[in-house]
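Here's the structure, in structure tokens; my notes come after.
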Amino acid sequence: MEGFPTTNKKLIDWVIKISRLCEPERIVWIDGSEEQKLTLEKESVVSGELLRLNQEKLPGCFLHRTAHDDVSRTEHLTFICTRKKRDAGPNNNWMSPARAYNKARAIFKGSMSGRTMYVIPFSMGPVGSPFSKIGVELTDSRYVVLNMLIMARCGDAVLKQLEKNDDFTKCLHSKAQLDINKRLILHFPEDNTIWSVGSGYGGNVLLGKKCLSLRIASYVARKEKWMAEHMLIMGIEEPNGHVEYIAAAFPSACGKTNLAMLIPPEGLKRKGYRIWTVGDDISWMRVDSDGSLWAINPETGFFGVAPGTNSKSNPNMVETIKKNTIYTNVLLKPDNTVWWEGSDGDVPNQGIDWKGNTWKPNMKDGEGKPIKGAHANARFTAPITNCPSASFRLEQHHGVPISAIIFGGRRQHVSPLVYQAFNWQHGVFVGATMGSELTAAQVGKIGQVRRDPMAMLPFCGYNMADYFRHWLNMGKLMAKPPKVFHVNWFRVDAHGKFLWPGFCENLRILEWILDRCNNKVNAMETPIGYLPYPFDIDLTGLNMPEGTLEKLLKVEKEEWLEELKGVNKFFGEFKKDLPKELWVEYEALAGRLKKYGK
Ligand code: GTP
Ligand code: SPV
Ligand code: MN
């Protein structure tokens with residue numbers, strides 16, 4: 001096959017087949033070179049897809065605006081297309097593969113006419129690592145290419161790998177007309193294929209991210225006995241130089257990025273901790289020959305939430321996004337720099353908002369609601385190597401050993417600040433029953449509580465009952481399973497104010513978690529798990545009103561009994577498929593609660 005930079009017949013045949021369907025004007029293979037990236041940036045500026053920001057203040061940075069109705073993941077347009085409906089499970093939208101291909105084919109037909117189709121070979125995980133998986137994304141969006149270059153290892157090194165190996169995920173994307181009525185995010189786990197059409201929003205179109213690294217990967221991981229999870233990975237270095245690694249699953253926009261790169265607060269400085277960021281969104285984990293769980297971050301960049309990011313809440317991120325960053329849906333200031341609600345600096349007197357309109361502070365829309373400069377789900381894409389706390393083990397093919405797995409939700413009530421599961425099986429129950437309030441990261445009613453098991457509800461590529469079974473089985477494969485915890489940074493007082501200061505102060509809770517892992521501290525046994533004795537949390541330097549920590553650690557019997565009703569309903573949806581171990585845990589918790597004090 002002449003004219004192709006690969007001899008991989010499967011890849012060439014597929015590229016030809018798709019080009020016949022989408023009818024692009026030309027095809028460009030992404031080689032991963034700086035030169036090609038610069039060309040793409042220039043072309044994007046000319047076409048209006050990107051705006052070049054102030055290069056003195058923000059070198060290598062660009063701004064992109066999406067369509068107004070294309071600003072977050074559209075879960076209702078996201079489908080798992082397995083032959084049997086049962087295999088997608090009750091929590092996924094399902095379509096038969098035949099129907100899905102047909103529906104999407106009609107939208108893809110001729111969708112790239114007059115456009116270039118880019119072929120992006122990419123590796124999730126270090127090229128050649130036993131953890132890694134290869135994908136090839138075909139797209140007609142330069143924005144997608146430039147984001148993928150930040151988020152994954154792309155180009156010739158991956159193509160070379162494909163000379164030896166036919167195993168890759170076929171990822172097809174076209175923005176088509178960016179029409180929400182012709183938008184579909186389709187996953188075909190049985191064909192190792194993803195088709196996404198009609199969107200230009202990150203989570204829908206950077207197909208290496210949620211689509212491959214979670215939905216397809218979770219399906220593959222179950223077969224291959226490993227785990228693909230919506231988790232940050234971080235290292236906590238103690239003064240003696242020993243680094244302990246943890247992984248944490250919080251739902252979208254619930255604090256993974258912030259936790260993964262925190263800087264120790266003043267009050268704990270004397271203890272000399274240092275944080276190393278391995279990843280902020282996705283963790284692939286395998287049981288190694290030592291019987292413990294090892295993790296890699298398959299990505300090479302952050303696609304992080306902008307609003308609220310400032311040098312107080314997240315100084316490492318502020319440093320990270322000063323160069324080579326693509327900003328999406330933020331406000332443009334007159335000096336060609338950017339701003340968002342909760343960013344550093346004064347509120348600008350004027351600017352261009354995320355929709356491209358002139359903006360001034362205190363403007364109101366037709367219903368009297370404030371007009372935001374940046375969209376609540378405005379994001380930045382930045383290389384992890386920009387981050388001052390980037391781990392020195394990012395390229396290690398075996399990843400890092402995980403001592404603790406932490407689940408966490410956004411709950412105004414019910415969940416205490418932290419508790420520990422009694423054992424692995426109870427930990428799976430704790431993860432499986434997670435609840436969280438909806439955020440701007442997905443289309444839906446913000447604030448509403450929904451069950452979001454392991455923060456994977458929108459990302460599990462198969463029946464969640466089988467996923468729970470897989471978690472239970474993984475515990476049996478490990479001689480030294482990580483200890484399991486649950487945290488909640490979002491509990492509020494009677495006036496709706498957060499009780500816990502959060503952000504860097506969360507290290508105080510991680511300290512207790514590590515002490516538990518290393519058997520250094522006792523705990524209080526409660527119906528829901530082990531809770532800290534308040535005096536075991538180091539609050540040095542925190543001006544917390546008397547009794548606040550006690551409020552944060554309170555287990556309210558009535559609230560938990562109410563919570564169990566929601567869990568019962570949720571588990572009931574899986575009918576016979578739900579592993580009975582989870583019902584055993586449910587009954588045990590109900591029993592302990594009934595006997596519990598007040
Ligand atoms: P995805 O990228 O969507 O998967 O989200 P994420 O889990 O990485 O969320 P991120 O760290 O970006 O946090 C998003 C929101 O949570 C922001 O509005 C933060 O300000 C807020 N947040 C993060 N950590 C804390 C915390 O400890 N306390 C409080 N109150 N808010 C927090
Ligand atoms: C999330 O929504 O969990 C994200 C952003 O991390 S996206 O990649 O859009 O899914
Ligand atoms: Mn995420």
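All residue numbers refer to positions in the sequence shown, counting from 1. Indexing begins at 1, ligand by ligand and atom by atom, following the structure's order. What you see below is based on every heavy atom in this structure, not just the backbone, and it leaves out hydrogens, waters and symmetry mates.
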By residue and atom, what protein N/O/S atoms are less than 2.8 Å from the Mn ion (ligand 3)?
Lys210 NZ, His230 NE2, Asp281 OD1
Distance under 6.0 Å and angle within 45° of ring axis: Arg411 vs Phe490
no
Close-contact set for ligand 1 against Val305 heavy atoms, below 4.0 Å:
12 (O)
Close approach, Arg379 and ligand 1, non-hydrogen under 4.0 angstrom:
yes
For Trp359 together with Trp339, are the ring centres under 6.0 Å from each other?
yes
For Ser132, all residues meeting side-chain contact (heavy atoms from CB on, under 4.5 Å), sequence neighbours excluded
Ser123, Pro126, Ser129
Please confirm whether Lys209 comes within less than 3.5 Å of ligand 2 when only nitrogen or oxygen atoms on both sides are compared.
no
Where is the tightest heavy-atom contact between Leu207 and His173, given as atom of each residue plus distance?
CD1-CB, 4.0 Å
With heavy atoms of Gly502 as the reference, note each atom of ligand 1 found under 4.0 Å away.
26 (C), 27 (O), 28 (N)
Counting only nitrogen or oxygen atoms and a 3.5 angstrom limit, does Gly255 reach ligand 1?
yes
Flag Lys210 as yes when one of its N or O atoms lies below 3.5 Å from any N or O atom of ligand 2, and as no otherwise.
yes
Does the gap between the ring centers of Phe407 and His486 come in under 6.0 Å?
no
Audit row: Arg450, Glu437, salt bridge (Lys or Arg N to Asp or Glu O under 4.0 Å) steps and yes/no:
CA-CA 6 Å; Arg450 71 167 175 186; Glu437 290 145 19; over 6 Å; no
Would you please determine whether Cys254 falls within less than 4.0 Å of ligand 1 on a heavy-atom basis?
yes
Mark the output for Gln442 as yes if a heavy-atom distance to ligand 2 is under 4.0 Å, and as no if none is.
no
Consider ligand 1: state whether an atom of it lies below 4.0 angstrom from any non-hydrogen atom of Ala253.
yes
Cation-pi check, Arg286 onto Phe131 ring (under 6.0 Å, within 45° of axis)
yes
Per-atom contacts, ligand 1 versus Lys256 - under 4.0 Å to a heavy atom:
1 (P), 4 (O), 5 (O), 6 (P), 7 (O), 8 (O), 9 (O), 11 (O)
Numbering the atoms of ligand 1 from 1, which are under 4.0 Å from a heavy atom of Asp281?
4 (O)
Atoms of ligand 1 less than 4.0 Å from Arg410 heavy atoms?
15 (C), 16 (O)
Nearest protein heavy atom with distance in Å, relative to atom 7 (S) of ligand 2
Gly203 CA, 3.5 Å
Ligand 1 atoms in contact with Pro251 (distance to a heavy atom under 4.0 Å)
7 (O)
